[in-house]
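Numbering starts at 1 and runs along the sequence shown. The shown structure was predicted, so the numbers you read here are calculated from the model rather than taken from an experiment.
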Amino acid sequence: MLLQETISVWVRDPKIQKRDWHPYLDYEICLHTNSMCFTVKTSRVRRRFREFVWLRQKLQSNAVLIDLPELPPKIPFFNINNAQMVEQRVRGLQEFLNKVVQCPLLLSDSRLHLFLQTQLPLEEIEACASGQTKYSVSEAIHKFATSIRRFPAEEEEQTSCHLLPESSSAPLGTKIGFLNGCKPAEELKDSLKTILAPSPPK
């Protein structure tokens, strides 16, 4: 019996960062999969909202015939200290990624994999995906994977959490996301502890 491929991705743990005294939020993206489409089966990175906007634009340019899912709207006076605003944005980012990873054509875009599984800045993602770097896409992902061995300890220590309600538009079989250090579902808890060793090059 063939094992069904699954891709579980969720957005969580918004944190305030400061650059040149301008605070902004970034979000942790956790991914767990058994899909052959991914070089590494478990990963976590942090991305900010403007990087999600960049990703959507690039995916759309590479898949002009696909109606891409929408990102949560950009709010002119977004308050990073407003818990309701932040939670709504996290939910929207979660729904966006859930839909993106269910589309085979979008999964063929190297920029998506570098966005989800490395911490490369956007200009380096573009260069790597275009073959303009000394390292390949696979090498970049493997290098980042070996630098991140475990998920945060809060995955084990947190005793209570708030689940994101399941979106009615979410694809069948998509895992529900978690906020603020929540435990993953029981069937994923053990497998999320350690990043799997990269597959040997073919």
*Neighbour count >12 (heavy atoms, 6.0 Å) for atom CG, Asn79*: yes
*asked:* Using side-chain heavy atoms (C-beta onward) and a distance below 4.5 Å, is Ile29 in contact with Arg46?
replied: no
_Residue that, paired with Ile7, satisfies side-chain contact (heavy atoms from CB on, under 4.5 Å) out of Val101, Leu116, Asn98_ = Val101
_salt bridge (Lys or Arg N to Asp or Glu O under 4.0 Å) between Asp26 and Lys15, worked out_ = CA-CA 6 Å; Asp26 67 6; Lys15 287 185 178 179; over 6 Å; no
*Does Leu97 reach the side chain of Phe52, with side-chain heavy atoms less than 4.5 Å apart?*
yes
*Are any side-chain N or O atoms of Glu28 and backbone N or O atoms of Val45, one a donor and one an acceptor, separated by less than 3.5 Å?*
no
*asked:* For the CG atom of Asn82 and the CD atom of Gln88, what is their distance to the nearest 0.5 Å?
replied: 8.0 Å
_Could you check whether atom CD of Gln84 has more than 12 heavy atoms from other residues, nucleotides or ligands sitting under 6.0 Å from it?_
no
*Nearest 0.5 Å, what's the CG-SG distance between Leu59 and Cys103?*
9.0 Å
*Under the side-chain contact (heavy atoms from CB on, under 4.5 Å) criterion, do Leu114 and Cys128 qualify, and how do the steps go?*
CA-CA 9 Å; Leu114 292 167; Cys128 183; 3.9 Å; yes
*asked:* Starting from Val53, can I reach Tyr27 by hopping between I/L/V/M/F/W/Y residues whose side chains sit under 4.5 Å apart?
replied: yes
*Does NZ or CZ of Arg89 fall inside the cone over Phe78's six-membered ring, less than 6.0 Å from its centre and within 45° of the axis?*
yes
_Full working for side-chain contact (heavy atoms from CB on, under 4.5 Å) between Tyr135 and Glu124_ = CA-CA 11 Å; Tyr135 49 86; Glu124 290 188 37; 3.2 Å; yes
*How long is the gap from CD on Gln117 to NE2 on His142, to the nearest 0.5 Å?*
9.0 Å
*asked:* Any side-chain to backbone donor/acceptor pair from Lys41 onto Ser35? Under 3.5 Å, distance only.
replied: yes
_When you measure from the centre of the six-membered ring of Phe96, is the NZ or CZ of Arg56 closer than 6.0 Å and no more than 45° off the axis?_
no
_Here's one to test your reading of the geometry: is the NZ or CZ of Arg47 within 45 degrees of the ring axis of Phe115 and under 6.0 Å from its centre?_
yes
_Side chains of Glu95 and Pro69, heavy atoms from C-beta outward: is any pair under 4.5 Å?_
no
*Mind running side-chain contact (heavy atoms from CB on, under 4.5 Å) on Glu51 and Leu122 for me, showing each step along the way?*
CA-CA 7 Å; Glu51 292 177 304; Leu122 302 184; 3.9 Å; yes
*asked:* Within the 4.5 Å heavy-atom criterion, are Pro14 and Val90 side-chain neighbours or not?
replied: yes
*Is there a donor-acceptor pair closer than 3.5 Å between any side-chain N or O of Asn34 and the backbone N or O of Thr6?*
yes
*Does the side chain of Phe49 come within less than 4.5 Å of Lys74's, by heavy atoms?*
yes
*Measure the shortest side-chain to side-chain distance between Ser61 and Arg111 over non-hydrogen atoms and say whether it is less than 4.5 angstrom.*
yes
*Check the pair Leu31 / Val40 against side-chain contact (heavy atoms from CB on, under 4.5 Å), numbers first and verdict last.*
CA-CA 10 Å; Leu31 185 141; Val40 172; over 6 Å; no
_Approximate separation, where rounding is to 0.5 Å, of Ile80 CD1 and Ile16 CD1_ = 4.0 Å
*Output the distance between atom CD1 (Ile125) and atom CD (Gln119), rounded to the nearest 0.5 Å.*
8.5 Å
*Rounded to the nearest 0.5 Å, how far apart are CG of Leu55 and CG of Asp109?*
8.0 Å
*Check whether any side-chain heavy atom of Glu5 sits under 4.5 Å from a side-chain heavy atom of Thr33, and report yes or no.*
no
_So does Ala127 get a backbone contact from the side chain of Ser130, meaning a donor-acceptor N/O pair under 3.5 Å?_
no
*Would His32 and Thr42 satisfy side chain to side chain donor-acceptor pair (under 3.5 Å), going step by step from the backbone distance to the final call?*
CA-CA 5 Å; His32 177 77; Thr42 307; 3.3 Å; yes
*Gln94 (side chain) donor-acceptor with Arg91 (main chain) under 3.5 angstrom*: no
*Consider only side-chain heavy atoms of I, L, V, M, F, W and Y, link residues closer than 4.5 Å, and tell whether Leu71 and Ile75 are in one cluster.*
yes
*Qualifying residues under ring-ring contact (aromatic ring centres under 6.0 Å, His included), relative to Phe38, sequence neighbours excluded*: His113
_With a 4.0 Å cut-off on N to O distance, would you call Lys58 and Glu126 a salt bridge?_
yes
*asked:* Donor-acceptor check, side chain of Gln60 to backbone of Ile66, threshold 3.5 angstrom: yes or no?
replied: yes
_Ignoring hydrogens, what is the shortest heavy-atom contact between Ala63 and Leu105? Give both atom names and the distance._
CB-CD2, 3.8 Å
_Closest approach of Leu107 to Cys37 (non-hydrogen atoms, all atoms of both residues)_ = CD1-SG, 4.2 Å
_Shortest non-hydrogen contact between Gly92 and Pro72, atoms and distance_ = C-CD, 3.6 Å
